[in-house]
Amino acid sequence: MKEVLASEIKQIVQELFGSKAKIVLTRPESKFGDFSTNVAMQLGRAPAENAAKIIEKLKRLDEVAEATIAGPGFINITLTDATLQSVISEVLDKKEAYGSNKIYDGKTIVAEYSDPNPFKVLHAGHLYTTLTGDVIANLLETAGANVKLVNFGGDVGLHVGTTMWAIIQELGGEHPEKLADIKTENRMQWVSEQYVKGTKAFEGNEAAKDEIRDINKRVYALHDTNDHESPFAQIYWTCRQWSYDGFNELYRSLRVAPFDKYYPESETTELGVETVQEGLKRGVFENSDGAVVLKGESAGLHTRVFITSEGLPTYETKDLGLALTKWQDYRFDLSIMITGNDIVEYMKVVQLALKSFQPEICERSKHITHGMLKLAGGIKMSSRKGNALLASDVLESAEKASKAHSNNDQQGTVLAAVKYAFLKQRIGGDIIYDPEESVSIAGNSGPYLQYAHARAMSILLKKPTPQVDYKLDVSERQLVRKISELPEVVEAAVNELMPHLVCTYLYELAQEFNSFYEANRVIGEPREDMRLTLINAYVTVLKNGLKLLGISAPDHM
RNA sequence: GUACCCGUAGCUCAGCUGGAUAGAGCGUUGGCUUGCGGAGCCAAAGGUCGUAGGUUCGAAUCCUGUCGGGUACACCA
């Protein structure tokens, strides 16, 4: 609808003024009309005269009911009811009213997010990126892409040495058989606790520090020799698997799409190291104090270590290996990585290194970064587990808050609350998460949208829904106008990879419906058939929108 | 110190390809139920868009300075 109108205006402007000005159509307040454009003001002097000429032609278009000039030279356009109304049947026929603009049709896109580390706790940030990544993947699929979901995590590195050290302490030596004593449901938790214990020892105890460093080397060595037999290796592989089991369990409970592939760091290290060594010969990297570094200063960046003076690869090298591995595996058109914004500068250095080997990867990469997740009111964190906010802290706080408003699908409501609370905010800044607000049915929340859906469904479930085509009345028109915005909203969300645009829209849509609902009866009214059709379209759009966000749309609550 | 990000209503946030009277939720105050789910709706009060300049017919939006907050800057990830 929008595109058609835009191209028609473009043609008019070209005929009248010979200008190839880009036509930007916006949605003004409803009192001004359905669309608004400022082209007349872009055409130089006398915007009013320009506008008048354009309006004259605009009025002759079939879709346009009214066109007026307003303010400093805006052209406000009101569509005919017939045109506007066509979205109802479009929505109902397609059942997937996401618009037809498949900008990624046939493209392969690799989306990397979540990225939890085995042998470590899941932080609130992991929760955030998991949920956001899932929605971004949905958006890309909507736009026609073949999306591959991948997950990167550190199964080697100092944190692993730290946890392994504490595990061995806990087991009283390298006794893998003792792991059997730990109950299945406690495994993930237990490993996380060992990490915290090890970290404390590393920070406060020189002897432990040396032992941890030594164990760290043994973990790398175990991969080099493909050791699955030694007691040490058995402990390692068992606990690593426990971590992955725990991650998958979390993803299941969050009802997000499963990952296509895990890339453990141990599997990207070799290629990373080879690449760094080749780069060292070519002068991309240099030796400095026994370490291999990339000096980024000439590019406005900073120096980072790729191989330590102990000869161990750092995260930088593994990330380099990861990028190359993803490229080998998928030959993607686009690679998206979602991480915290504390590593933007770091990532630039890795990209700088990458540029010397596979520049096309850099050209096709997009790094999306988000802020920190905090609990509103500075609610205390699980200090015994370290000083970071954990994924479980967030989920537990939401569950606790939701108990005040219990209903049928408690878990579904909690998920809706958390997901929506995260997603409604533009990606990038810090997020202050307020559990109470998120589960509240009042206000801009996931449960509000679910309720808005259930409420409308309760009407539809009482009557069979015909599909009719009456003339719209004033309040019906308001609702149809909002429904008609869906394709352009989804398009914008896809183009900019901003899920919050969908949230904002759905909230406005639900408000529009609730407002309509309050003022108009449906069942038993002369306009019953028309209104049932309209509500059916509304419910379809709301449900599809929520699905895009990974949020369920229950018929009852 | 250098670089990047962020400063919009009491609080949490939209708005940022420059455009009409800067919007929403929460909170506050006041209304609406012989009604399809009132877990709703309607309304009011509340803002020098951190600040000072610049560009422009027009700036919350672009540019520069400045203040405040956050993050990153060599062997952690």
Side-chain angles (χ1 to χ4, degrees), chain A residues 22 24 26 28-29 32 36 38 41-42 45 47 70-74 76 115 117 120 153-154 156-162 199 202 216 265 288-297 300-316 318-319 340-346 348-349 369 371-372 376-377 405 407 421 424-426 428-434 436-437 440-445 447-448 450-452 454-463 496 500-501 503-504 507-508 511 513-525 528 531-532 535 556-557:
Chain A
K22 192 183 166 201
V24 180
T26 56
E29 287 177 52
F32 289 130
S36 181
N38 65 355
M41 288 183 280
Q42 309 296 339
R45 279 155 233 112
F74 293 100
N76 290 324
D115 293 350
N117 291 312
K120 227 174 152 177
V156 287
L158 197 58
H159 68 281
V160 180
T162 304
T199 303
F202 188 85
N216 183 27
E265 281 183 8
S288 176
D289 293 340
V292 179
V293 306
L294 178 70
K295 298 219 164 171
E297 278 75 8
L301 303 173
H302 57 260
T303 296
R304 297 208 68 107
V305 173
F306 279 68
I307 308 275
T308 70
S309 49
E310 288 191 321
L312 295 178
T314 61
Y315 189 55
E316 285 80 342
K318 300 163 194 168
D319 228 353
N341 54 22
D342 50 343
I343 67 166
V344 278
E345 294 299 306
Y346 154 85
K348 284 182 192 165
V349 178
T369 64
M372 292 253 278
H405 329 255
N407 62 45
K424 74 173 175 177
Q425 215 171 114
R426 189 189 178 103
D430 288 353
I431 290 185
I432 316 287
Y433 173 68
D434 185 338
E436 287 296 337
E437 193 182 293
S440 170
I441 206 101
N444 189 357
S445 73
Y448 172 93
Q450 290 187 312
Y451 177 66
R455 224 176 163 207
M457 277 309 292
S458 79
I459 297 176
L460 295 183
L461 292 172
K462 287 185 171 68
K463 286 276 181 175
E496 301 172 41
H500 80 284
L501 297 175
C503 295
T504 306
Y507 182 59
E508 287 168 3
Q511 276 184 314
F513 168 74
N514 280 337
S515 189
F516 173 85
Y517 179 95
E518 206 69 26
N520 303 281
R521 260 194 93 73
V522 176
I523 292 173
E525 289 292 300
E528 176 179 307
R531 289 181 175 170
L532 285 172
I535 290 172
H556 306 282
M557 285 178 78

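Naming: A, B, ... by sequence-line order, numbering from 1 per chain. This structure is a prediction, so every number in the text was calculated from the model and none was measured. Note: hydrogens, waters and symmetry copies are ignored here, and every other heavy atom, side chains too, is used.
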Check ring-ring contact (aromatic ring centres under 6.0 Å, His included) between A/Tyr507 and all other residues, then give those that pass, not counting sequence neighbours.
A/Tyr448
From CA spacing to verdict: side-chain hydrogen bond (donor to acceptor under 3.5 Å, both in side chains), A/Thr303, A/Glu297
CA-CA 7 Å; A/Thr303 296; A/Glu297 278 75 8; 2.8 Å; yes
Any side-chain to backbone donor/acceptor pair from [X] onto [Y]? Under 3.5 Å, distance only.
X        : Y        : value
A/Asn520 : A/Phe516 : yes
A/Lys462 : A/Ser458 : yes
A/Ser445 : A/Ser440 : yes
A/Asp289 : A/Ala291 : no
A/Asp115 : A/Gly153 : no
A/Asn76  : A/Ser36  : no

Respond yes when some side-chain nitrogen or oxygen of [X] is under 4.0 Å from OP1 or OP2 of [N], and no when none is.
X        : N     : value
A/Asn341 : B/U71 : no
A/Arg426 : B/G15 : yes
A/Gln511 : B/G40 : no

Whole-angstrom distance between [N] and [M], as gauged at atom [atom1]:
N     : M     : atom1 : answer
B/A22 : B/U8  : C1'   : 8 Å
B/U61 : B/G15 : C1'   : 9 Å
B/G7  : B/C63 : P     : 14 Å
B/A60 : B/C6  : C1'   : 14 Å
B/G30 : B/A45 : C1'   : 11 Å
B/G68 : B/C62 : P     : 23 Å

Which letters describe nucleotides 72-77 of chain B, given B = protein heavy atom under 4.0 Å from base, S = only from sugar-phosphate, - = neither?
SSBBSB
Please work out if [X] contacts a base, only the sugar-phosphate, or nothing of the nucleic acid, heavy-atom cut-off 4.0 Å.
X        : result
A/Ser445 : nothing
A/Ala442 : sugar-phosphate
A/Ala456 : nothing
A/Phe306 : nothing
A/Pro28  : base

Any non-hydrogen side-chain atom of [X] less than 4.5 Å from a side-chain atom of [Y]?
X        : Y        : value
A/Asn514 : A/Tyr451 : no
A/Thr504 : A/Lys424 : no
A/Ile535 : A/Phe513 : yes

Gap between atom [atom2] of [Y] and atom [atom1] of [X] - 0.5 Å precision:
X        : Y        : atom1 : atom2 : result
A/Ile459 : A/Met457 : CD1   : CE    : 10.5 Å
A/Ile523 : A/Leu532 : CD1   : CG    : 6.5 Å
A/Asn216 : A/His159 : CG    : NE2   : 9.5 Å

Euclidean distance, atom [atom1] of residue [X] to atom [atom2] of [N] [Å, nearest integer]:
X        : N     : atom1 : atom2 : value
A/Asn514 : B/G37 : CG    : P     : 13 Å
A/His500 : B/C13 : NE2   : P     : 13 Å
A/Met372 : B/G69 : CE    : P     : 16 Å
A/Gln425 : B/G15 : CD    : P     : 10 Å
A/Asp430 : B/C6  : CG    : P     : 11 Å
A/Met557 : B/G40 : CE    : P     : 11 Å
A/His556 : B/G37 : NE2   : P     : 11 Å

Using a cut-off of under 3.5 Å, enumerate the N/O to N/O pairs linking the protein to nucleotides 27-29 of chain B.
none

Picking from B/U17, B/G15, B/A20, the nucleotide nearest the side-chain atoms of A/Asn76 would be B/A20
I want to verify a distance call: between B/A20, B/G38, B/A14, whose nearest atom is closest to the A/Tyr451 side chain?
B/G38
Between the side chains of A/Glu316 and A/Thr314, is a donor N or O closer than 3.5 angstrom to an acceptor N or O?
yes
Cation-pi check for A/Tyr346 against A/Arg304: NZ or CZ below 6.0 Å from the six-membered ring centre and within 45 degrees of the axis, yes or no?
no
Atom pairs, protein N/O to nucleotides 30-36 of chain B N/O, distance under 3.5 Å:
unit_1, atom_1, unit_2, atom_2, d
B/C36, O3', A/Lys462, NZ, 3.3
B/C36, O2', A/Lys462, NZ, 3.4
B/C36, O2, A/Val522, N, 3.4
B/C36, O2, A/Ile523, N, 3.1
B/C36, N3, A/Val522, N, 3.0
B/C36, N4, A/Tyr517, O, 2.9
B/C36, N4, A/Asn520, O, 2.2

Are there runs of at least three consecutive Watson-Crick or G-U pairs touching RNA chain B, with each pair's two distances under 3.5 angstrom? Give them by first number.
B:1-7 with B:67-73, B:10-13 with B:23-26, B:28-32 with B:40-44, B:50-54 with B:62-66
Any stacking of A/Tyr448 on B/A39, going by centres under 5.5 angstrom and planes within less than 30 degrees?
no
What's touching nucleotides 56-62 of chain B from the protein side, N or O pairs under 3.5 Å?
none

N-O pairing of A/Glu528 and A/Lys463 below 4.0 Å:
yes
Could you pull out the closest heavy-atom pair between A/Gly428 and A/Asn341, with the gap in Å?
O-ND2, 3.1 Å
Specify the residue among A/Phe32 and A/Asn444 whose closest nucleotide of RNA chain B lies further upstream toward the 5′ end.
A/Phe32
